[in-house]
Amino acid sequence: MPGGRLTNEDRRHIAAGLAEGLGYAEIGRRLGRPASTIMREVTRNGGPDDYGADRAHEATRHRARRHRQAQPPAPPVPDSGHGRDPQAVRDFTESFTALLVEQGLPRMEARVLTCLYVTDSGALTAADLVERLRVSPASVSHAVAFLEQQGMLRRERVPGARRERYVIDDEIWMRSILASLRMNEALAAASQRGAEILGATTPAGARFESSAELLALVSGAFRQVLKQWRQG
């Protein structure tokens, strides 16, 4: 996929392109990749005259393994006296982070959210997150800004201090569903408008009309779920 990691097959295409005398831009077009990606790949793996697909693929795997090994293990999450198994907590933290990534959340944002989620207080400062995740303050800042925009956490001032801390609560997923609901309803309205402009009896208009009906059903289901949650 464009923007994803190069596969061994991609590297074979790059090697074949170089053998044909093609430039980075043309090779990139054939692979659906930016020319800069091809240039970096070739430059770091011997240059255009000495590039080998298998050798480049193995070198990339070696660099990835070395990078993973260089990362220090994350410090254990304090159990606040609850007698939790630290290894079980670490394993769950990793699996929950992976699940959030599979659901579409960027990895750093997923790590920050999970770190907050497994903390009993549900509140950590930027310094706490930097220490626990072993990442830069800038990485934490960018992740927090994204999560705040999505309504998945909020900022609050630490009493008696100038520092802020980031907080999640029991309604995190409700706010997420509300954000999804607003987007869904905007799509439904736009689809209905598309059907009206294109004509519901035309193939394109009918497509928008069908989409609008489905999105309206989804919005109704969302609202029913939220109503039951609030009543419960």
Side-chain angles (χ1 to χ4, degrees), residues 3 64 67-188 215 218-232:
H67 177 73
R68 286 195 297 268
Q69 291 169 359
Q71 294 294 323
V77 178
D79 79 349
S80 303
H82 293 294
R84 299 174 179 133
D85 179 348
Q87 186 59 51
V89 173
R90 281 193 291 270
D91 291 344
F92 173 75
T93 299
E94 291 177 4
S95 65
F96 194 76
T97 299
L99 177 60
L100 292 178
V101 171
E102 288 178 7
Q103 296 295 319
L105 200 63
R107 181 159 184 80
M108 182 53 63
E109 282 75 355
R111 293 186 67 198
V112 168
L113 185 61
T114 302
C115 191
L116 282 164
Y117 220 137
V118 301
T119 304
D120 285 312
S121 65
L124 294 170
T125 65
D128 293 331
L129 289 166
V130 167
E131 179 183 3
R132 293 180 181 220
L133 298 176
R134 303 281 178 89
V135 296
S136 69
S139 295
V140 169
S141 178
H142 292 155
V144 164
F146 177 90
L147 293 170
E148 185 179 28
Q149 185 180 33
Q150 300 300 313
M152 304 184 82
L153 59 74
R154 70 177 189 277
R155 301 170 188 255
E156 66 178 30
R157 186 72 63 183
V158 177
R162 298 179 60 184
R163 294 179 302 163
E164 288 183 328
R165 62 185 175 191
Y166 312 117
V167 184
I168 62 171
D169 54 36
D170 293 342
E171 294 192 347
I172 175 177
W173 300 120
M174 178 180 286
R175 287 193 296 274
S176 179
I177 290 174
L178 283 171
S180 297
L181 177 59
R182 287 191 292 270
M183 179 174 290
N184 192 76
E185 290 182 336
L187 285 171
L215 292 167
V218 171
S219 290
F222 271 174
R223 292 194 174 281
Q224 185 62 32
V225 167
L226 291 173
K227 181 179 179 181
Q228 291 177 356
W229 174 260
R230 286 165 175 154
Q231 291 176 344

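Taking all atoms of both residues into account, the shortest heavy-atom contact from V112 to A143 is CG2-CB, 3.8 Å. Of all heavy-atom pairs spanning R107 and V101, the tightest one is CA-CG2, 3.8 Å. In terms of heavy atoms, M108 sits closest to V135 at CE-CG1, 3.5 Å. Summarising the geometry of A123 relative to V167, their closest heavy-atom pair is CB-CG2, 3.8 Å, with the distance given to 0.1 Å. Here the closest non-hydrogen pair linking L105 and A110 is CD2-CA, 3.6 Å.
Using a 4.5 Å cut-off on side-chain heavy atoms (C-beta onward), M152 and I168 make no contact. Side-chain contact between L116 and L147: absent, with no pair of heavy atoms (C-beta onward) separated by less than 4.5 Å. Residues E102 and L99 are in side-chain contact: their nearest non-hydrogen atoms beyond the backbone lie under 4.5 Å apart.
Between atom CZ of residue F146 and atom CG of residue L113 there is a gap of 10.5 Å, rounded to the nearest 0.5 Å. Interatomic distance, CZ of R90 versus CD of E94, reported as 8.5 Å (0.5 Å rounding). Here Q150 contributes atom CD and S180 contributes atom OG; the two are 8.5 Å apart, rounded to the nearest 0.5 Å. Within the model, atoms CZ of R111 and CZ of R134 stand 10.5 Å from one another, a figure rounded to the nearest 0.5 Å. If you take OG1 on T119 and CG on D128, they are separated by 8.5 Å, rounding to the nearest 0.5 Å. Interatomic distance, CD1 of I177 versus CG of N184, reported as 12.0 Å (0.5 Å rounding).
Judged as a ring pair (Phe, Tyr, Trp, His ring centres under 6.0 Å), and not counting sequence neighbours, the contacts of F92 are F96. Every residue two or more places apart in sequence or in another chain that forms a salt bridge (charged side-chain N to carboxylate O under 4.0 Å, His left out) with E156 is listed here: R154, R165. With sequence neighbours excluded, no residue forms a salt bridge (charged side-chain N to carboxylate O under 4.0 Å, His left out) with R157.
A distance-only check finds no donor-acceptor pair linking the side chain of S141 to the backbone of P137 [under 3.5 Å]. The closest donor-acceptor contact from the side chain of R155 to the backbone of E164 lies at 3.5 Å or more, if one exists at all.
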